[in-house]
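In what follows, a structure is listed as structure tokens, so that the remarks can point back to it.
Both backbone and side-chain heavy atoms feed into the values below; hydrogens, waters and symmetry mates do not. Reminder, nothing fancy here: chain letters follow the sequence lines and each chain counts from 1.
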Amino acid sequence: MAFLSYLINGISLGAVYAIIALGYTMVYGIAKMLNFAHGDVIMVGCYTVFSVVSMMHLPVWLGILLSIVVCTVLGVTIEAVAYRPLRQASSSLTVLITAIGVSYLLQNLALLIFGANTKAFTSVVPIKAVKIGDKLTITGETIVTVLACIIIMIVLTLFVNRTKAGRAMLAVSEDKGAAQLMGINVNRTISLTFAIGSALAAVAGVLLCSAYPSLTPYTGSMPGIKAFVAAVFGGIGSIPGAFIGGIILGIIENLSKAYISSQLADAIVFMVLIIVLMVKPTGILGKKIQEKV
Amino acid sequence: MKNYFSKNKDTLITLGIVAFAYVIIEIMVKQGAISSLFKGLLVPLCAYVILAVSLNLTVGILGELSLGHAGFMCIGAFTSAFFSKLTVGVINPDWLRFVFAILIGFVFAGLFGFLIGMPVLRLKGDYLAIVTLAFGEIIKNLMNVLYVGRDSKGLHVSIKDAVSLGLEDDGQILINGAQGITGTPKDSTFTAGFILIMISLIIILNFIKSREGRAVMAIRDNVIAAESVGINVTRYKLLAFSLSAALAGVAGVLYSHNLNSLMATTKNFGYNMSIMILVFVVLGGIGSIRGSVISAVILTLLPELLRGLSTYRMLIYAIVLIAMMLFNWAPSARAFRARIIAKLPFGAKKALNEEV
């Protein structure tokens, strides 16, 4: 029974990773860059909900809505100001370093505004925990998180494959130049991708902080990096891959916390990344791209 | 002799600047013109300079982003502090023990660089960055659960807690998990730091100019072209990466022997430190060793001298990082710069030359 409850917690955590990883994987697939600031967008989303709900005592739905709006605007702004000018730059190192700078900037702004103290986040999930048998309880947060993750994945898959904007994304991720020749507005498509990714980050943030209710300026950075691990694990650029990778990673993390050592759980998660990259760098569902001279 | 000077002009200028700065600061210390706060900064400053210079070897010369540099520093710090604690009173005089400690930090960090580099350097770009970050975090996490104790029966190691070491009454805990190592002898001095900076600079500047260094730069510029002229890509990449790690280890030795209690926290050996070093490298100019030295000094001292600024220190670092990258690398910013230079009376010729 204990094992089952660890497993369920793992799936819940994994679903959060999966939602974050979806944002990562879409941005990586299209802009071919590792958006280091993605994790910190999550943190901004959490602080938005926190200020609206806990400090201003406004309704929860308004908080979530505002946090999605703030994150979306933030994501699009970051892309336009910091990443777009560097898109044509010769080295891919430059945009990566800039992304790290943005991540650092967001963390330190939050630190200045809200202080380093841990804020107690009140869960926004109204559903009560479900009891199965005597020992097994599934919290409302778990149910909502897993459901949200599945719904988001299905909607996103439909969006990418069925709509015009979604197909434009696919085309841009295949070949930017060719997509431009077909009349696709590459800049707008990339902005749209960042907008979707950041909106997902806001949702993930709310769910993450509802399950683990402590909020600091660094709340987002570790889950962000782990979600990237999940995206790589599942195969970068693949939507179902991000889902599978996230869930597996969440389970691994929770089980190693329970059975090996809680302090070493992070190290184990990172070992998974390294092993995956050594053995199958393209991930579970990734496509292999041959490098040409 | 003349030939030697003209060949190594750049190296000598860099070394000269460092030596000059050292002499000035030493005189100021002797005159008592320096506050104790500033004095306390001198040894960490030397460590930061070495870190910046060694990271520049990876980022600027090898052309790969490493986000785990603080991890190698951590290895150097802990192995050497452990060694010094073991041999306090055994190896005399103190300076000899410190020399051994430095060598141990260098060798172990280099060894880890080699072991980690072997699988990791097959990757590149973003993947390499994230994997080095992962390794840095793993090293930090392992240090936080490592317990080592000593008693009459020898050394005991555990990764659970201090009790499970099973020490006898005369036992002594050397590495105490998250509390780290306490009571490391304070061997680091500003002069030692200066000497280590000079040695690191000589090693790196000579490496860049050597056959190996040129091979590394050829790999950076075009892997396939380098391979086609018979350069062993893996070997040279590994060489540069291990050297960079080993020098980071030396910085760790300097850092750890300046502290009474050495702990592996996010602040000193985690991701934050790696980013801070990266800021030094980027501000000084990627690939410019002299620039790294200068920017490390300026960025460390400036926030401390302007007292009110220290709250905003990290914020300023972040803005500097973004602004420098955009200003230096964005094609539109470069074009803008070229236009400005062309408008200046003395810049017209230079701009023309750059066009060609």
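- For a residue to count as touching a neighbouring chain, one of its non-hydrogen atoms must lie under 4.5 Å from one of that chain's; by this rule A:L277 touches chain B with backbone and side chain alike.
- One finds the CD1 atom of A:I274 at 3.5 Å from the CZ atom of B:F135 (value rounded to the nearest 0.5 Å).
- Side-chain contact between B:I319 and A:Y104: absent, with no pair of heavy atoms (C-beta onward) separated by less than 4.5 Å.
- Both the backbone and the side chain of A:L105 have a heavy atom closer than 4.5 Å to some heavy atom of chain B.
- In this structure, the side-chain contact (heavy atoms from CB on, under 4.5 Å) partners of B:T234, at least two apart in sequence or on a different chain, are B:N232.
- When heavy atoms are compared at a cutoff of 4.5 Å, A:L109 approaches chain B by way of both its backbone and its side chain.
- Only the side chain of A:S103 comes within contact range of chain B, with at least one heavy atom under 4.5 Å from a heavy atom of that chain.
- When heavy atoms are compared at a cutoff of 4.5 Å, A:V95 does not approach chain B at all.
- When heavy atoms are compared at a cutoff of 4.5 Å, A:M33 approaches chain B solely by way of its backbone atoms N, CA, C and O.
- Contacts of residues 277-288 of chain B with chain A at a heavy-atom distance below 4.5 Å involve B:L278, B:V282, B:I286, listed in sequence order.
- Atoms CG and CG, from B:N328 and A:L86 in turn, are 10.0 Å apart once rounded to the nearest 0.5 Å.
- Taking the six-membered ring where tryptophan is involved, the planes of A:F36 and B:Y271 are essentially parallel, since the angle between them stays under 30° and well short of 60°.
- Within the 4.5 Å cutoff, no side-chain heavy atoms of B:I138 are placed close to those of A:D266.
- Rounding to the nearest 0.5 Å places CD1 of A:I97 at 4.0 Å from CE of B:M325.
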